[in-house]
Each structure stands twice: as C-alpha cells, then as structure tokens.
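Before any comments, here is the structure.
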Number of protein chains: 2
Amino acid sequence: MALSAEKLTNNQQTVLDLLEKSKEPLKAYAILYDTQKKGIKAPLQVYRALDKLIEIGKVHKIESRNSYIACEHKNCNSSTSTSFLICETCDQVSELTQKNLPSYFAKQSEQADFKYAKHNLEIYGVCKDCTK
Amino acid sequence: MALSAEKLTNNQQTVLDLLEKSKEPLKAYAILYDTQKKGIKAPLQVYRALDKLIEIGKVHKIESRNSYIACEHKNCNSSTSTSFLICETCDQVSELTQKNLPSYFAKQSEQADFKYAKHNLEIYGVCKDCTK
DNA sequence: TAAAAAGTGTTATAATATAACATATCAAAT
DNA sequence: ATTTGATATGTTATATTATAACACTTTTTA
C-alpha cells in the first residue's frame with residue numbers, strides 16, 4: 001500500500017489528532033498524559049505511534065527540543081528533511097517550506113566533499129506575532 | 001574578562017581535552033566514563049563543564065545525536081549557530097564553515113515574517129572517506 | 001580583604017527513550 | 001476460508017540523558 005494512503009491505527013490516529021490540534025510542539029510524555037483517556041497507557045505506545053507517524057511523514061521531531069509536531073503540509077510523505085522556524089518568545093514552531101533548500105545544501109556539502117542525503121534545520125528567532 | 005581569553009577550570013579542561021582528541025562526537029556518559037581517572041565522578045560534573053564549554057563556543061552539541069564535539073575553529077567564541085555534516089556511514093562529524101549561511105537563513109526567514117536570530121543545521125550524508 | 005560570582009562534590013531524582021516478550025490484528029496469497 | 005507473514009499492541013522493566021538541591025570552595029573584582 002502506498003504510504004500516502006496508509007491507514008492509521010487507533011493509537012497512531014489518537015496521537016496524530018492531538019498533535020494536529022496543538023498550537024505548539026508536544027513532548028512525548030505530554031502526549032502520553034493527554035491521551036490517557038483514549039486508552040494510551042504507556043510511554044512505548046506513544047513512541048511507537050510517533051515512530052510510525054514520523055516514518056510516513058505526518059509528524060516531525062524537533063531534535064533540539066525533544067518535541068513533536070504534526071506536519072503542516074497536506075499529504076506530506078516525506079520523513080527525510082525538515083526545516084523549522086522556532087520562536088524563542090512564544091515557542092511556536094512553523095515549517096520553512098523552501099523547495100530549494102535541499103539543492104542549496106547539496107551544493108554547500110559538495111564543496112566539503114560531502115554527499116548530501118537529507119537535513120534538519122532549526123532556525124531560532126522571533127515570529128511575526130511576537131515582533132509586534 | 002573577554003570570553004576568548006577565558007581560563008578553563010580543571011574539569012572544563014579535562015572534558016575539552018578529551019573532546020579534542022576524539023575523532024567522533026562523544027556522549028555525556030561516555031565522557032564521564034573516560035574522565036574518571038582524571039577525577040570526574042558524577043554526570044553533573046560533565047554536564048556543567050559542557051555547559052560552560054558550549055557557552056564559550058569551544059564545544060557544540062549535536063542535537064539529533066545527544067552528543068558533543070569540540071569546535072574545529074581556533075578561537076571560536078560563538079555558541080550561537082552551528083552547522084554540521086554528519087556521515088551516516090562512519091558517524092564522523094565536521095563543521096560546515098559557510099560564512100553566508102546566517103544571512104541566507106535570515107533572508108529565507110524574512111519571507112515567512114520571521115526574525116532570524118541563530119540556527120542549528122544538521123546535514124546527513126556520506127563523507128569523503130566513505131564514498132571511496 | 002570583604003563581597004560577589006563562579007565552580008565543585010555529592011546524592012538524589014527527573015525526563016526521555018528503548019528492550020524484551022507474549023499476544024493480537026489484519027492483509028494477501030494460497 | 002485459512003494459513004502465513006508482517007505489523008501493531010499491551011505490559012513490565014530498564015536504559016539513557018539531564019537536572020534539582022544543598023553545602024562548600026575557589027576565584028575575581030571592587
């Protein structure tokens with residue numbers, strides 16, 4: 001079955017629903033706490049759901065924060081590269097949708113004799129709302 | 001006292017020496033294990049040394065690996081932005097020294113109404129040695 | 001040289017994540 | 001329809017990463 005058409009299991013859907021409702025990235029144990037009423041009882045259930053969701057590109061991990069966010073792009077199948085804008089004031093995170101980043105990084109890498117495969121970019125600063 | 005002239009304490013120097021000798025990034029508990037003969041006995045001693053070394057720019061953290069690497073640049077005082085090339089084959093990490101990355105990211109961020117402050121970039125791929 | 005700032009040593013514990021194993025579900029190929 | 005193989009589940013335990021709290025010491029600076 002194609003990844004994009006993948007049917008989610010109960011636990012996976014529960015975790016994804018929560019992340020999609022959330023304004024900010026959530027930590028695994030926050031997800032656990034918030035999904036107890038839906039029957040998720042142990043950390044592993046959360047991590048396994050997250051693993052799958054990340055694999056199919058529905059969720060991304062923000063490495064520097066140990067937190068997880070639903071992908072903003074509809075029908076995103078990519079779990080490879082991620083680029084985030086992280087507001088240091090309000091902690092909100094948005095994705096930088098820059099189609100040419102991979103090729104830019106590939107070029108930069110090449111100059112260091114390095115073969116680019118994928119990347120994780122975390123940009124910190126101040127978001128639109130917080131500059132007002 | 002200027003950061004660049006900062007004198008390191010014993011623990012800080014011990015941790016930095018180890019990282020500078022290492023070919024790969026090291027994890028905190030690996031550092032702890034390897035510095036026991038130098039008198040470092042507890043995780044907190046390692047983390048405190050790392051915190052300081054990161055603050056003065058001598059060490060960087062690789063977020064997606066929970067590991068630490070000595071800065072390759074002599075007299076680097078910057079703890080703000082980091083850019084790494086991480087080899088998925090041999091786990092060696094080098095720094096991408098691209099002076100114009102910050103301004104490039106600032107420009108990209110601006111298009112999303114986001115005020116760039118600093119960044120963390122982790123590029124995965126295959127290093128020169130491993131492509132042979 | 002006193003006060004302030006930074007670092008140390010230590011114990012305990014918090015936060016994040018995975019191992020191991022038995023069982024269950026489900027798609028698809030006989 | 002039924003076996004099969006892949007994937008998911010539930011559960012307990014534990015590994016890994018990181019910080020809190022507190023008493024004390026050293027270094028810096030005014």
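Heavy-atom basis, side chains included; hydrogens, waters and symmetry copies ignored. Lettering of chains follows the sequences in order, A, B, ..., and the numbering in each one begins at 1.
Here the P atom of nucleotide dA6(C) and the CG atom of Leu53(B) are 16 Å apart, to the nearest Å. The nearest whole Å value for the distance from the CD1 atom in Ile62(B) to the C1' atom in dA18(D) is 18 Å. If you take CZ of Arg48(A) and C1' of dA19(C), they are 11 Å apart, rounded to a whole angstrom. One interatomic measurement links the two molecules: NZ of Lys7(A) to P of dT7(D), which rounds to 17 Å at whole-angstrom precision. Between Arg65(A) atom CZ and dT16(C) atom C1' there is a gap of 16 Å when expressed in whole angstrom units. Rounded to an integer number of Å, the gap from Leu32(A) CG to dG10(D) C1' is 13 Å. Summarising the geometry, the separation between CG on Asn10(B) and C1' on dT8(C) is reported as 11 Å, rounded to the nearest angstrom. The nearest whole Å value for the distance from the CG atom in Leu50(B) to the P atom in dG7(C) is 13 Å.
Picking from dT12(D), dA18(D), dG9(C) the nucleotide with the shortest atom distance to the side chain of Ala42(A) gives dT12(D). In this structure, of dT16(C), dT10(C), dT18(C), it is dT16(C) that holds the atom nearest to the side chain of Tyr29(A). With dA21(D), dA18(D), dT12(D) as the choices, the nucleotide that has an atom nearest any side-chain atom of Leu44(B) turns out to be dA21(D). Distances were taken from every side-chain heavy atom of Lys27(B) (C-beta onward) to each of dT16(C), dT17(D), dG9(C); the shortest belongs to dT17(D). Closest approach to the Pro43(A) side chain among dT9(D), dT10(C), dA17(C) is made by dA17(C) (side chain taken as heavy atoms from C-beta onward). If you check dT17(D), dT16(C), dG9(C) against the side chain of Asn66(B), the one that comes closest is dT17(D). The side chain of Gln12(B) has dG7(C) as its nearest neighbour among dG7(C), dA8(D), dG10(D). Of the candidates dG10(D), dA8(D), dA20(D), the closest approach to any side-chain atom of Lys52(A) belongs to dA8(D). Nearest nucleotide to the Tyr47(A) side chain, out of dT8(C), dA20(C), dT18(C): dT18(C).
Arg65(A) has a carboxylate O that lies under 4.0 Å from a charged side-chain N of Asp91(A), or vice versa, which qualifies the two as a salt bridge.
Checking the phosphate oxygens (OP1, OP2) of dA17(C), a side-chain nitrogen or oxygen of Tyr68(A) falls inside 4.0 Å. Put simply, Lys41(A) has a side-chain N or O that comes within less than 4.0 Å of OP1 or OP2 on dT11(D). Between Asn11(B) and dT8(C) there is a side-chain N or O to OP1 or OP2 distance below 4.0 Å. For Gln45(A), no side-chain nitrogen or oxygen approaches OP1 or OP2 of dT9(D) to under 4.0 Å. Between Thr9(B) and the phosphate of dT27(D), there is no side-chain N or O to OP1/OP2 separation shorter than 4.0 Å.
Looking only at side-chain heavy atoms (C-beta outward), Leu96(A) and Phe114(B) stay at 4.5 Å or farther from each other.
Comparing Lys61(A) and Gly39(B) by the nucleotide of DNA chain C whose heavy atom lies nearest to each, the residue mapping closer to the 5' end is Gly39(B).
Looking only at atom types and distance, the side chain of Asn10(B) has no donor-acceptor partner in the side chain of Gln12(B) under 3.5 Å away. A donor-acceptor pair shorter than 3.5 Å cannot be found between the side chains of Thr82(A) and His119(A). Glu122(A) and Asn120(A) share a side-chain donor-acceptor pair at under 3.5 Å.
Within a 6.0 Å sphere centred on CD of Glu110(B), other residues, nucleotides and ligands contribute 12 heavy atoms or fewer.
Comparing the end axes of the helix from dT1(C)-dA30(D) to dT30(C)-dA1(D), each fitted to five base pairs by superposing C1' atoms of four pairs onto the next four, gives an inter-axis angle of 40° (nearest 10 degrees).
Of all heavy-atom pairs spanning Glu95(A) and Ala70(A), the tightest one is OE2-O, 4.2 Å.
Taking the six-membered ring wherever Trp is involved, the centroid distance between the rings of Tyr116(B) and Tyr124(A) does not fall below 6.0 Å.
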